[in-house]
Structures are given as structure tokens and as C-alpha cells.
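What you see is a predicted model; the values in this text were computed from it and never measured.
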Amino acid sequence: MRSPSSRSSSSRPSSDSTPPASDHADPLTAEQAHLDRAYECLAAMRSRADATLAIGERSVREEDTVDAHVTRYHLERRAQALRADGGPLCFGRIDSDGGQRWHIGRRHVEDDESRPVVVDWRAPVAAPFYRATVVDPLGLIFRRRFSVEGRTIIAVFDEDLTDPDAAAVGVPDPLLAELERGRSGRMGDIVATIAAEQDHIIRAPLDRLLVVQGGPGTGKTAVGLHRAAFLLFQHRRELMDTRVLVLGPNPVFLRYIADVLPSLGETSVRQTTVADLVAARFRVRAVDDAAVREIKGRGDMARVIDRALRDRIVVPAEGIEIRSGLAVVRFDADDLATVLKPVLEGNLPFNQGRDVARRLVVAESWRRHRSRLGVDPGTETAFTSAAGRDPGFNKAFDKLWPRLECAALIRSLYTSPRRLSRAADGLLTTDEQALLRRKGASKLSKERWTAADIPLLDEADARCNGVAVRYGHIVVDEAQDLSAMALRMIARRAKGHSMTVLGDLAQATTPEATVSWTESIRHLSHTIAADDGAGLDIDVEHGPDAEVAELTVGYRVPAAILDVANRLLAEAAPAVTPARSVRGGGEPLRILTAEPVELPTVLASEVAALRERELSIAVIVHDHDTMEAAADALGTVGLPIQVFDRSRTAAGLPGVDAVAILDPAASKGLEFDAVVVVEPGDIAALPSGLRHLYVAMTRAVQYLSVVHSRPLPALLDLE
């Protein structure tokens, strides 16, 4: 490969607004000059946007019209996007075989004549920057990557894509350099270092259900967030109103990823948890044991809810009569069944179906009355109005088809053995039904809902009232732990089943987790169709464009740690392909053995030594009691701590200002410079324990220590 300084480019036309640097110019100097100009152009763009916004605000004050307010809204969003700051403005350059040159960066920058100075990384022309290889250069002859600190380019990494025997020269790959940086406690974007396999996922079409399986450190979360940013760029008009929803496993995780999308200029994305989607309506006050969680999470619970709804529609054997003035129209049971049949076979929410059915009965009463007596058609409005107000009819119809509230419906299943038995017959055993029973609270508003109840309440609400809010695209992280009912809760909010679902089956640790991505896709693909004449709605497999992609290259966890953790997969998840790390070597696992009475001292000593290196640190233990013991041990030597207990209410960022103490489940999706795992044998003894241990060990990106007094799991025996 020829060095950058010997590469001639001055004779080729450039797509940038400044001429290409001379062959003989120092590449750092030339690229720094281009970057400086890009910042100048960005400042000018901001000034123009602010000036235009000022005109829009004056227009609102003077005209106060809808159009003026809409215009100001869009101008404000434009100005806000330009003001958003993230990492390096520009991080690379590509030269095509057609003589064009593009500088690639985190946002579009143009000069005062609208010529591009920096191309947004999401633009189609930027795709070869991430995907081109010597084997398949995608029309490129040269690629240059920058290592940038602040606004200064400190090194370049050049690749001659015309020479199959060439190797890249310059500084080490910027990706590897970035991986060696210390953790800040917040996730950063990877826009400068997206790998080819990640880019294919990020740029996948909007109109599909995309499931991404990837081991620790393969960049699943980053890929999902960058995919959200890409889709907002490519489908801005379509997603402006429907928006994008990002779902994480817990509030700690959401704080960890909070800066990524704003750093990419995207601030209109909602980021929350599954439970918090409906937190304003249903408060979680209790915790289920594992067996109950598993039952509540099954997809069969959707049919239980359907049956419970159908059970509330009871056509009286004596029929119904409806009065309008002196006129009386009677419907026997068969008549009512005939009138109600099209509604029952339809696809309406329960309460809406009730209203339609009631109107049909009133309308049919008029048809029969007129047919029988031949009355003037002009009296129809008066007749039906009076009929609709008939107290006897309204009382009878309320018994036939009552208006239901979703919380009352679910509570009735838990508190009424008779109702649960009728709804769950053939779906749940009598023992399983017994596990669901509980005493109701004095008021519905005080009901002690659990996290596993939330998807059931949402299912019932959708069945009763329909889905109020749908999103243009949904990104779901740590999806391997979601129950079938939680997956359904998510799916009904996604327009056209447009979703990106991220997870690792090797890290599935909850009792309600689905067993395979095929099973998950089945629940995510559900739609509503009429039951075979039996009554209300049931689900049928819809089959949207669904695809499973796999990430197998680990970028975060060094090989010295990942190779040891991968040993656990032989028993924990034998069907999962182990990730391989691009970070060869690394610090080997430290195993510290202590007597039980000495373990707190050994733990404190190890953490104190790591703390001196100014690292982000996590201590991962198996349960709440051990968290308190670890906190006491670190507190006695004056180490600042954050305990993330079961409620996960600790404030701040995990592991930065203080040592984070947490269990494996709370650590999912997070990363720390150093991790100390306490008593891995106790973690391995948990349900799905080897998977919990796999999660704990793979949170470390530089150092991993094990402190134990009890025997280690056999798979960790390094001798």
C-alpha cells in the first residue's frame, strides 16, 4: 500500500466544496483544514437557522395562524438539530473510482452555496465507507479514517482498496483505539466505527420485523439505536408523526443509553420500559414468584382473556323487550343471537362492539315495528331515540353485554375461581389456576399489580378499547427476557409490525422468557382475526416480513475474558453461536480465593486497587443480602458505592462516581471497565444460573476479577 503522502488526488474532481489536498501535503494538515472549514460552515448554518427562526417567531406574534405556528415548530426543530453536539463532526473520507470525494460525518454540513462539506453517515453515498473491502470495494479506490479528539485530528488510517495485497497503514484501527478508552458511565455512539455486519442491520428497510441475535459486546444496543437514527433520517416525513419508540429492560439501562440518540441529532424518540408504557394507569406494587410469572407470561393467557370477555356476553333465555312510547318490540334469544352475530364475528374492541350491538338492536326494533304496523318512516328518529332511552331495555342490555374496564376483568380472573375456571379450561391446569388466585384489594385503584400483570392488563385494555397509540417503528433491547404476553404488548403498538428486536438467547434468565427467536417472532407477528364462529377475537399468525440477523464479532469484551465466559455456553446455551472478540489478548481473569471470614477484606482490597486506576467498576453478586454485605465491606474502607437493588431506584450513572453493586439481571446491557464477581458458585446456583454468570462476567471491558470462598463452577476451572 502506498502511503497517504504519495497518493495523487489533485487531478481528480471532488464532491467536497473545497479542492482536494495536494498529494504532497501532510494528510493531518490537509484533513484538519477541511475539518476546521466544516465547523465554520456548521456555525454559519446555525446562524442562518436562528435568523430564520426569529422570522418565524415574529410571524407567529403578528399573524397567530395555524400555518405560522406549524412553520415555527419545524424551524425550531431544525435549529435544535443543528445545535445538538456529539462526537467528532467528521471522521473519515472516501474517494470513488469516478473521481468523487466525500467526507463522512455525523451530520450533513454544507457551505453557503449548498455544496456538501460533510455527508451525513446515514446518506446512501456513505454506505461504502462502512461496507467496502478490497474484495468488494463498492466503487471506492481509497478510504481514510480519522482519530479525533475534540476538534483535532490526531491520526489517520488509510486503506488502498485497489491493491489486494496491501495492508492498511497509519495508526491502529480507530475502532480498536475507541474500544480501549475508559467507560464514562454513559453509552456513546459508534457512528465513526460501525462495522459492515452492523451497517447491514442499521440500513435494513423500515417495513419489516428484524430480530438481531448477538453475543456480549457485539454492539446490539448500539446497532438498535443507530438504526432508529437511520430510519428517522430516511423516513423523516413518515415517522414525524408516528415517532420511534425505544424499549429498554430497566431505568438504569435507559440512563446508560440516554445520550446516544441526542448526540446523533435525534431528540423526538421516546425511550422507556415495557411497564412504564402504561405506568400512568397501572402501578406495580407487588412481586410474583417465578412459577406465577411463567404462567402469566404464556401466550395462552391471551386466549384466557378472550374467553373471559366472551363469558361476559350472556343472551337471556327469556329474550329482551324494548319500549318506545306505547310500542313494545320483543326479541327472543334466537332473535338476539341473529342480530349480534355480525358483531361477534367482527374485529371490534369489546366496548365498541357493545355500542354497535346496542344500536343494531334498536335499529332492528324500528324495522320490526314499521313492518308490523306500516307506520310513517318519518317517525324513525323519534322511535329509536325513545327506544334507546328505555330504562328496562338499557338495564337488560347492560346485563347481556356489559361495558368492561380492563383492570376489573383481570382482577375478576384472580379473585373468582369460577370465572377463571371457565376462561382457562384446557389452557391451564387446576394447580396453575390455583397459583393465579389471590385476594383483591378493597378498591380497584389499590390493587397490588405485579410487573407480570402489566402485559395482561394491556391485553385486556386492547381487547376492551383498542390500541390508542401506535409507533412508526419500535426498537426493543434485551428482548430475550420478555414473555410472550410482553411481546404481544409491544407488537400491537408497532404499525405494520415495523420493529427491531435485539437480544441474546444465551442471556435469557427470566422464567417467562421465550425459548427461541422463532417463538418470539410468532408472538410479535400476531394480528386479530375472527374466531371460527365461537365469538370474540382470537389471534392468527400474520407473518410480516420477518428476518433474523446474527452478530458474531465482539468489539467490547477482550478475548481473555470472552473466551473464559464462552466456556459456560456449553451448558448454558449450547445452541447459541459464541461471539469471537476482535480485541486479542487482554488482561487475564484474576481469581482470588479467600476464607469466608476474609472474603469482605479481599473484596475491598481488590476494588480499592481497581479504583486507584480511575476505572468504572461494578461488583456483581447473586442476591439482595449479598449486596448489603458487599456495601458494608466497601464502606468500611471509605469507597463510594451505589447499590442497585431490586427496585433499581439508585440515582446517577452506574460505576462512574461510585462503585456499582448490583445483581446479574440489573447489569444486563451495561458495561464497566472492571467487574468483580463475588461467589460465582452462588450465581450459578440460581435458576438459569450459568446464564446469569455469563451475563456478569461479560460486563467487563478491561478487567475481570472473581472473589470466592466457596467452590467455583466446574466450567470455570482454569487448571
Inspect the surroundings of CZ in R580 and state if more than 12 heavy atoms from other residues, nucleotides or ligands are less than 6.0 Å away.
no
Between D158 and R144, does any NZ, NE, NH1 or NH2 come within less than 4.0 Å of an OD or OE carboxylate oxygen?
yes
With distance as the sole test, does Q480 use its side chain to make a donor-acceptor pair with the main-chain N or O of D504 at under 3.5 Å?
yes
Checking the side chain of T273 only, and the main-chain atoms of G248 only, is there a donor and an acceptor separated by less than 3.5 Å?
no
CD1 of I194 to CD1 of I201, rounded to nearest 0.5 Å, is 11.0 Å
How far apart are the C-alpha atoms of S525 and L209, what are their side-chain angles, what is the distance that settles it, and do they pass the side chain to side chain contact (heavy atoms under 4.5 Å, CB included) test?
CA-CA 8 Å; S525 304; L209 165 56; 3.8 Å; yes
Mind telling me whether H34 and H103 have parallel, tilted or perpendicular rings, with 30° and 60° as the class edges?
parallel
Taking the side chain as every heavy atom from C-beta outward, state whether I257 and L225 have any pair of such atoms under 4.5 Å apart.
yes
Are V246 and L261 close enough that some pair of their side-chain heavy atoms sits under 4.5 Å apart?
yes
Can you find a pair of side-chain heavy atoms, one from R208 and one from E547, that are under 4.5 Å apart?
yes
Residue pair L247, I490: steps toward the side chain to side chain contact (heavy atoms under 4.5 Å, CB included) verdict:
CA-CA 9 Å; L247 294 172; I490 295 166; 3.6 Å; yes
Over-ring placement of R145 relative to F129, 6.0 Å and 45° cut-offs:
yes
Can you see whether T514 engages S520 through a side-chain donor-acceptor pair at a distance of less than 3.5 angstrom?
yes
Tell me if a side-chain donor or acceptor on Q32 pairs with a main-chain N or O of I153 at a distance below 3.5 Å.
yes
Under a plain distance cut-off of 3.5 Å, with no hydrogens placed, do R691 and T509 share a side-chain donor-acceptor pair?
no
Measuring from L89:CG to Y39:OH, what's the distance to the nearest 0.5 Å?
5.0 Å
Just checking, is any N or O donor in the side chain of Y471 or R270 under 3.5 Å from an acceptor N or O on the other one?
yes
Using a strict 4.0 Å threshold on nitrogen-to-oxygen distance, state whether D95 and R93 make a salt bridge.
yes
Do V118 and I104 come within less than 4.5 Å of each other through their side chains, counting heavy atoms only?
no
Ion pair E238/K495, N-O distance below 4.0 Å:
no
Would you say S47 and D50 are linked by a side-chain donor-acceptor pair, where the criterion is simply a distance under 3.5 Å?
no
Output yes when E671 and R699 qualify as a salt bridge under the 4.0 Å nitrogen-oxygen rule, no when they do not.
no
Does the pair V212 and L551 meet the rule for a side chain to side chain contact (heavy atoms under 4.5 Å, CB included), with working shown?
CA-CA 7 Å; V212 181; L551 296 172; 3.8 Å; yes
Just by distance, do the side chain of R243 and the backbone of L239 share a donor-acceptor pair under 3.5 Å?
no
So, taking the atom named NE2 in H200 and the one named CG in L210, what distance separates them when rounded to the nearest 0.5 Å?
13.0 Å
Assess the residue pair R613 and Y703 against the criterion (side chain to side chain donor-acceptor pair (under 3.5 Å)); give the C-alpha distance rounded to whole Å, side-chain angles, the decisive distance to 0.1 Å, and a yes or no.
CA-CA 11 Å; R613 305 185 191 186; Y703 305 96; 3.1 Å; yes
Test: E159 and R143 ion pair at under 4.0 Å
yes
For the residue pair L232 and V244, establish whether any side-chain heavy-atom pair is separated by less than 4.5 Å.
yes
Has Q198 got a side-chain atom pairing as donor or acceptor with T218's backbone, closer than 3.5 angstrom?
yes
Within the distance-only criterion (no hydrogens, no angle test), does the side chain of R106 pair as donor or acceptor with the backbone N or O of V191 below 3.5 angstrom?
no
For residues M499 and A494, report the shortest heavy-atom separation together with the two atoms involved.
CG-CB, 3.6 Å
Kindly say whether V557 contributes a backbone atom to a donor-acceptor pair with the side chain of S581 at under 3.5 angstrom?
yes
After noting the C-alpha distance and the side-chain angles of L524 and R488, does the key distance pass the side chain to side chain contact (heavy atoms under 4.5 Å, CB included) rule?
CA-CA 6 Å; L524 288 165; R488 291 170 59 88; over 6 Å; no
Taking the six-membered ring of Y555 as reference, does the cationic atom of R583 (NZ for Lys, CZ for Arg) lie under 6.0 Å from its centre and within 45° of its axis?
no
Looking at T698, is its backbone amide N or carbonyl O close enough to the side chain of R556 to form a donor-acceptor pair, meaning the two atoms are under 3.5 Å apart?
yes
Do the side chain of T162 and the main chain of I141 share a donor and acceptor less than 3.5 angstrom apart?
no
Ion pair present between E550 and K220, side-chain N to carboxylate O less than 4.0 angstrom?
no
